[in-house]
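Working notes for the structure below.
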Amino acid sequence: HSHINKLTEGLDTNLINQFDESINQVVMTPQTSTMMVRGPILRESVNENVVNEAQGPQNDQYLRFLLKDLGYFKLLDDIDPNLRVVHDSSVFSTVNKIDKKKNALHSWQTIYKYHGNGKNWRYLDQKVKGFQSAVHWLEYESLRSSELFKKALMYDIQHGIVIRKAISKTKKILLKPIFSIRKSVKHLRDQ
C-alpha cells in the first residue's frame with residue numbers, strides 16, 4: 001500500500017528533492033514497510049550469508065529481490081498510507097552519496113555472489129554494473145578529474161550502460177503522465 005513521507009524540521013534541503021512525491025508510487029518502488037508476504041514462504045528463500053555480509057539498510061533491497069520471485073503483487077488502495085518520517089539523524093540522511101552507492105554496490109555484489117546463478121544472473125549482473133557506474137560518476141563529480149570522467153564513460157560504454165540509461169529515462173518520461181492521472185483520480189476519490 002502507499003506511504004506518505006513526512007519531512008521534519010531541519011532536514012538538509014538537498015535531501016528534500018528525493019521526497020518530492022508525497023504518496024509513494026507503489027508500482028515503481030514500494031516502501032518495504034508497506035509490503036506483506038506470508039512469513040514461511042519468505043524464510044525459505046533467505047540466505048543468511050547475504051544478510052550477514054550485506055549488512056545495514058541495503059537489506060531492504062535483498063528483501064525486494066527475494067519477493068520479486070515469489071509471485072505477483074497487488075496494490076491495496078483501501079489501507080491508510082504508512083507514515084514515513086524522514087529526519088536529520090536517519091541513516092539515509094547521514095551517509096554521503098558516494099558511500100550510499102558503495103554500500104548498495106557491496107550489497108548487490110553479495111546478493112549476486114549467492115543468487116547469481118540461474119534465472120537471476122542477468123538481473124543481478126545489471127544491478128551490480130549499474131551501481132558500479134553510479135560510483136564512478138559520483139567519484140568524477142566530487143573531483144572533476146578528466147581521468148575519472150574517461151573511466152566512468154568507458155565503463156558505461158563497455159558494459160552497455162549508456163543504452164540502459166537512455167531506455168530508463170525514456171520510460172520515466174513516458175510513465176510520468178500515468179502516475180499524474182493516478183494521483184488525480186485518487187485525489188478525486190478521496191474528496
Side-chain angles (χ1 to χ4, degrees), residues 12 14-21 24-32 35 42 45-73 86 90-179:
D12 180 355
N14 292 328
L15 296 172
I16 292 176
N17 64 2
Q18 297 179 35
F19 300 100
D20 56 357
E21 295 291 329
N24 183 33
Q25 282 149 14
V26 178
V27 175
M28 298 298 284
T29 51
Q31 189 64 24
T32 307
M35 297 165 59
L42 185 58
S45 303
V46 172
N47 183 319
E48 289 183 30
N49 294 316
V50 174
V51 175
N52 292 332
E53 288 180 37
Q55 297 173 2
Q58 296 301 328
N59 277 328
D60 287 355
Q61 299 303 321
Y62 183 47
L63 176 62
R64 286 191 185 111
F65 166 74
L66 293 174
L67 293 177
K68 79 175 187 54
D69 284 337
L70 292 179
Y72 294 97
F73 286 91
V86 183
S90 70
V91 171
F92 183 87
S93 65
T94 57
V95 180
N96 73 40
K97 284 183 181 181
I98 293 176
D99 287 344
K100 273 193 276 188
K101 291 296 181 192
K102 284 181 177 179
N103 289 341
L105 173 60
H106 171 72
S107 293
W108 283 109
Q109 287 171 327
T110 304
I111 295 168
Y112 185 85
K113 178 179 170 183
Y114 292 101
H115 294 277
N117 298 326
K119 66 180 179 173
N120 291 311
W121 79 266
R122 179 168 285 146
Y123 171 80
L124 290 172
D125 184 61
Q126 287 181 350
K127 281 288 190 184
V128 169
K129 287 176 181 170
F131 277 98
Q132 184 65 63
S133 170
V135 167
H136 287 315
W137 285 108
L138 287 171
E139 289 172 342
Y140 160 70
E141 285 178 20
S142 70
L143 299 174
R144 295 289 178 185
S145 150
S146 60
E147 195 60 38
L148 289 175
F149 177 81
K150 181 180 174 186
K151 179 181 176 183
L153 184 60
M154 292 308 296
Y155 184 87
D156 282 6
I157 291 169
Q158 289 172 348
H159 295 94
I161 293 171
V162 172
I163 295 168
R164 288 200 339 248
K165 283 182 179 178
I167 291 169
S168 176
K169 285 186 190 240
T170 303
K171 280 182 184 177
K172 285 181 183 177
I173 290 168
L174 295 175
L175 290 176
K176 193 168 187 165
I178 294 170
F179 289 125

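Keep in mind that the numbers below use all heavy atoms, side chains included, and drop hydrogens, waters and symmetry copies. Computed from a predicted model, the values in this text were never measured in an experiment.
Separating the NZ atom in Lys101 from the OG atom in Ser133 is a distance of 10.0 Å, to the nearest 0.5 Å. From Leu138, atom CG reaches atom CG of Leu148 across 11.5 Å, with rounding to the nearest 0.5 Å. Interatomic distance, Ile161 CD1 to Leu153 CG, rounded to the nearest 0.5 Å: 11.0 Å.
Contact annotation: the side chain of His136 never approaches that of Met154 to less than 4.5 Å [non-hydrogen atoms, C-beta and beyond]. Phe65 has its side chain out of reach of Lys127: every pair of non-hydrogen atoms, C-beta onward, lies at least 4.5 Å apart.
Taking every heavy atom of both residues into account, Tyr112 and Trp121 meet most closely at CE1-O, 3.6 Å. Val128 approaches Leu105 most closely through the heavy-atom pair O-CD1, 3.5 Å. Residues Thr110 and Asn49 approach most closely at CG2-O, 4.5 Å, considering heavy atoms. What you find for Asn47 and Tyr62 is that their closest heavy atoms are N-OH, 2.8 Å. Considering all non-hydrogen atoms of both residues, Ile98 and Asn96 come closest at N-OD1, 3.1 Å.
Using a 4.0 Å cut-off between charged nitrogen and carboxylate oxygen, Glu53 and Lys113 count as a salt-bridge pair. Between Glu139 and Lys102, at least one side-chain N (NZ, or NE/NH1/NH2) sits under 4.0 Å from a carboxylate O, which counts as a salt bridge.
Annotation: side chain to side chain donor-acceptor pair (under 3.5 Å) contacts involving residues 142-152, sequence neighbours excluded, comprise Tyr140-Arg144. Counting only residues at least two apart or on different chains, the salt bridge (charged side-chain N to carboxylate O under 4.0 Å, His left out) pairs with a member in residues 156-171 are Asp156-Lys165.
Checked against a 6.0 Å centroid threshold, the rings of His115 and Tyr123 do not count as neighbours.
The side-chain hydrogen bond (donor to acceptor under 3.5 Å, both in side chains) test applied to Asp125 returns Lys129, not counting sequence neighbours.
The environment of CD1 in Ile157 is crowded: more than 12 heavy-atom neighbours from other residues, nucleotides or ligands sit within 6.0 Å.
In this structure, the side chain of His159 does not engage the main chain of Gly130 through any donor-acceptor pair within 3.5 Å.
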